[in-house]
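Okay, structure first, notes after.
In this text the structure is predicted, and so the values were computed from the model without any measurement. Proteins come first, then strands; the chains are lettered A, B, ... in the order of their sequence lines, and each starts at number 1.
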There are 2 protein chains.
Amino acid sequence: MSTRRRGEELEQAILRAAAEELRESGYAGMTMDRVAARAGTNKNAIYRRWPHRAALGIAAYRHLTDAVMPDPDTGSLRGDALEMLRRANQTWSSPYGAILRGLLAAAADDPELLTHMRERSGADTMDRAWLTMLRRAAARGEAPTAAAHPRVATTPMMLLRAEYAMRGHPSVPDAVLVEIVDEVFLPLVHGRGSDQGQALDQIEDREGGGERAQQ
Amino acid sequence: MSTRRRGEELEQAILRAAAEELRESGYAGMTMDRVAARAGTNKNAIYRRWPHRAALGIAAYRHLTDAVMPDPDTGSLRGDALEMLRRANQTWSSPYGAILRGLLAAAADDPELLTHMRERSGADTMDRAWLTMLRRAAARGEAPTAAAHPRVATTPMMLLRAEYAMRGHPSVPDAVLVEIVDEVFLPLVHGRGSDQGQALDQIEDREGGGERAQQ
DNA sequence: CCCTATACGGTACGCGCCGTACCTTAGAGC
DNA sequence: GCTCTAAGGTACGGCGCGTACCGTATAGGG
């Protein structure tokens, strides 16, 4: 019998086991006993490192997905936008996406966990990528500079996320992605700069400084 | 002691008890034993009617919220849209919304339950309301007729839903609703009919009949 | 008016899983 | 070599879901 594992080595083994359980059974099916058994250890070693099952789940998910995608650069705004949506759709409809959704659902009760999840899910990185994409398009003269607005930049991903929530969980059809780009995103981008160009800081003036503001 | 309850009467009592448990403890905290105790019966009577806890949760939620809102008619498209979003925000940020989110999270594993949920959550009704709203605006000459497009009509609610998913659970600030209307919805509506007027059935032509279509 | 089928009430239980407690044992560092 | 930390082993309490079994009320038909 080989030497007994400790510290970092054991921790990695646990994380690997948990990640495999996540992939096979989803978060709902990930059992502490099974993770311990698969890692060749016992629950003690796990609970000494993570306080709950959820914490282990998040750590394992992070251990599972650490790849970062480079920004797309197809030469046209439409191509870039479609590529971004397609990549996101692929990620979210993959087993990883199913796991992430399970985790999000489980963390729905726990605000603290939800925060940790958001940090790890790369939503902010994604939004920044859309903004730089818009700025590149503006530099090419393909879009008005006013189009590089956060609300505009985040709209396609928001629509994709909502689409996931509405449907079951299978991947969103490509036609929907195309429609999001052609029927919403591009019209929105091109509509700006003409008569609709409203800067963010003009909104409050129009609204009288927060009429009916909540909280 | 009064006569023993049966059939419809008992069913209503169970639903009422379950709805109260939902309101007080959320779906995660709704226990079959507690529901039975509160209804003054036992789990048998419950399991004879609903197969799982989730089914009871859905039924109870529906029992809890059956009010239908009339369409808003403020006279302007902007006013109508804002009113719709504000109502939805109020509903979703209320205790009912928290319950509904818990149910959705729990139903994430079960496609069948998810379908039932969508039917009950009134998403379709909501989308129809937005479409009629757009048609009214078009009739007033406030928007191009081409703006009554499903993808356009559903966009504001989609953005609101995604906003919920991104934040924790508190209500979305009113400024965000205003921004959705002024920065996305209205530009989108007015942008249509000029150079961006693409009908739905032209998309497939442009895409060559489904390049990279999935599934 | 009684009789029976049906549904309710009560209770107990099996199961799975989380998280904890307690003790034994290995092995790293001094 | 000794000690102290962290591992392994095991058992347990608690909770909640879903099921089984059995006595009992009551509706509805004969």
Nearest whole Å is fine: how far is dG10(C) P from R48(B) CZ? 12 Å
Which part of the nucleic acid, if any, lies within reach of G29(A) when heavy atoms closer than 4.0 Å are counted: base, sugar-phosphate only, or nothing? nothing
Side chain of A45(B) only, please: which of dG19(C), dG9(D), dG9(C) is the nearest? dG9(C)
To the side chain of N42(A), which of dC18(C), dT19(D), dT10(D) is closest? dT10(D)
What integer distance in Å separates H52(B):NE2 from dG16(D):C1'? 16 Å
Among the candidates dA7(D), dT10(D), dG9(C), find the nucleotide nearest to the side-chain atoms of T41(A). dA7(D)
Grab the CD-P distance between Q12(A) and dA7(D) for me, whole Å please. 13 Å
Quick check: closest heavy atoms across A147(A) and V189(A), and the distance to 0.1 Å? CB-CG1, 3.8 Å
Name the residue closer to the 5' end of DNA chain C, choosing between G40(B) and K43(B) according to the nucleotide with the nearest heavy atom. G40(B)
So, taking the atom named CG in L56(A) and the one named CE in M30(A), what distance separates them when rounded to the nearest 0.5 Å? 4.5 Å
If you only use heavy atoms from C-beta on, which nucleotide in dA21(C), dT11(C), dT20(C) is closest to the side chain of N44(B)? dT11(C)
How is R34(B) classified with respect to the nucleic acid when contacts are heavy atoms under 4.0 Å: base, sugar-phosphate, or nothing? nothing
Round to a whole Å and report the spacing from CG of L10(B) to C1' of dT6(C). 14 Å
Note: E183(B) and V152(A) closest approach over all heavy atoms is O-CG2, 4.4 Å
Looking at the base of dG16(D), is there any donor atom on it, or on the side chain of D33(B), that sits under 3.5 Å from an acceptor on the other one? no
Does E163(B) pair with R151(A) as a salt bridge, N-O distance under 4.0 Å? yes
